[in-house]
Amino acid sequence: MTDQAVADPVHAFIADTIGQHDVVLFMKGTPDAPRCGFSSLSVQILDHVGASFVGVDVLQDEALREGIKTFTDWPTIPQLYVKGEFVGGSDIIREMFNSGELQTLMADKGVPLGQED
């Protein structure tokens, strides 16, 4: 069996992380201190919908920063995963939020959302 996640320790880490948490945002910086505008916007949207999420700072490890791009063949960061499924980057997150699709996706997957008034 040639499972790429097993062969590549970075891919194994990514797979383990998205398997252990309902919502994961691979981002530049941390949720408390994003280090790019796209990551900041993504954090603001997730906070606004009340989704509890884990932020993984790809700037701490060059192998992780490159590995996340090859894991899903998606060239940009941030990257959002919900219940193990790749959702997309900042533009997709914003578009889904604006249309209500992001909230619907999370509800459909059983991700609890807090209400912000």
Side-chain angles (χ1 to χ4, degrees):
M1 181 163 66
T2 59
D3 186 359
Q4 187 177 5
V6 174
D8 183 335
V10 172
H11 283 195
F13 168 79
I14 295 166
D16 286 347
T17 302
I18 64 176
Q20 291 174 13
H21 304 283
D22 286 350
V23 182
V24 180
L25 183 67
F26 288 87
M27 60 181 292
K28 293 180 179 177
T30 64
D32 292 333
R35 294 186 51 198
C36 84
F38 299 110
S39 292
S40 179
L41 176 65
S42 300
V43 167
Q44 289 174 34
I45 290 170
L46 291 171
D47 284 346
H48 184 76
V49 300
S52 177
F53 70 98
V54 172
V56 178
D57 183 2
V58 301
L59 296 178
Q60 297 302 311
D61 184 345
E62 180 66 28
L64 178 58
R65 188 161 80 217
E66 294 308 312
I68 191 65
K69 296 175 186 178
T70 60
F71 186 78
T72 51
D73 196 26
W74 190 262
T76 60
I77 297 164
Q79 292 187 15
L80 178 65
Y81 293 80
V82 176
K83 293 280 189 164
E85 178 184 325
F86 175 59
V87 175
S90 180
D91 290 344
I92 291 170
I93 295 167
R94 185 185 68 238
E95 290 167 13
M96 289 180 71
F97 169 71
N98 288 337
S99 71
E101 285 180 80
L102 183 63
Q103 299 87 318
T104 301
L105 171 72
M106 290 192 181
D108 288 350
K109 290 195 172 275
V111 174
L113 298 178
Q115 297 297 336
E116 293 215 355
D117 296 318

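Since the structure is predicted, the reported quantities are computational estimates derived from the model, not experimental observations.
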Legend entry - Heavy-atom closest pair, residues Gly55 and Met27: CA-SD, 4.3 Å
Inset, instruction - Check whether more than 12 heavy atoms from other residues, nucleotides or ligands sit under 6.0 Å from atom CZ of Phe38, and answer yes or no. - result: no
Legend entry - Between OG on residue Ser90 and CD1 on residue Ile77, distance to nearest 0.5 Å: 12.5 Å
Legend entry - Closest heavy-atom pair and its distance - Val43, Pro31: CG1-O, 3.6 Å
Legend entry - Within-4.5 Å side-chain heavy-atom neighbours: Asp61 and Val10: no
Inset, instruction - Spell out, yes or no, whether Val56 and Leu59 are grouped together once hydrophobic residues are joined by side-chain heavy atoms under 4.5 Å, including indirect joins. - result: no
Legend entry - Shortest non-hydrogen separation from Val23 to Ser52 and the atoms involved: CB-O, 3.6 Å
Legend entry - Hphob cluster co-occupancy, Met106 + Leu41, side-chain heavy atoms under 4.5 angstrom: yes
Inset, instruction - To the nearest 0.5 angstrom, please state how far the CZ atom of Phe13 sits from the CZ atom of Phe71. - result: 11.0 Å
Legend entry - Closest non-hydrogen atom pair, Leu113 against Val49: CB-O, 3.4 Å
Inset, instruction - For Ser39 and Lys28, indicate whether the former's side chain and the latter's backbone hold a donor-acceptor pair under 3.5 Å. - result: yes
Legend entry - Over 12 foreign heavy atoms within 6.0 Å of CG, Asn98: yes
Legend entry - Euclidean distance, Ile68 CD1 relative to His11 NE2, rounded to 0.5 Å: 7.5 Å
Legend entry - Distance, nearest 0.5 Å, that separates CD1 of Ile93 from CD of Glu101: 13.0 Å
Legend entry - Heavy-atom check, side chain of Phe97 versus side chain of Gln103, under 4.5 Å: yes
Legend entry - Spacing of Arg35 atom CZ and Asp57 atom CG [to the nearest 0.5 Å]: 6.5 Å
Legend entry - Polar side-chain atom of His21 near backbone of Phe53 as donor-acceptor pair, under 3.5 Å: no
Inset, instruction - Quick one: closest heavy-atom pair of Glu85 and Lys109, and the distance? - result: OE1-NZ, 2.8 Å
Inset, instruction - Have a look at Leu80 and tell me which of Leu102, Val24, Ile92, Ile45 forms a side-chain contact (heavy atoms from CB on, under 4.5 Å) with it. - result: Leu102
Inset, instruction - Nearest 0.5 Å please: distance from the CD1 atom of Ile14 over to the CZ atom of Phe26. - result: 5.5 Å
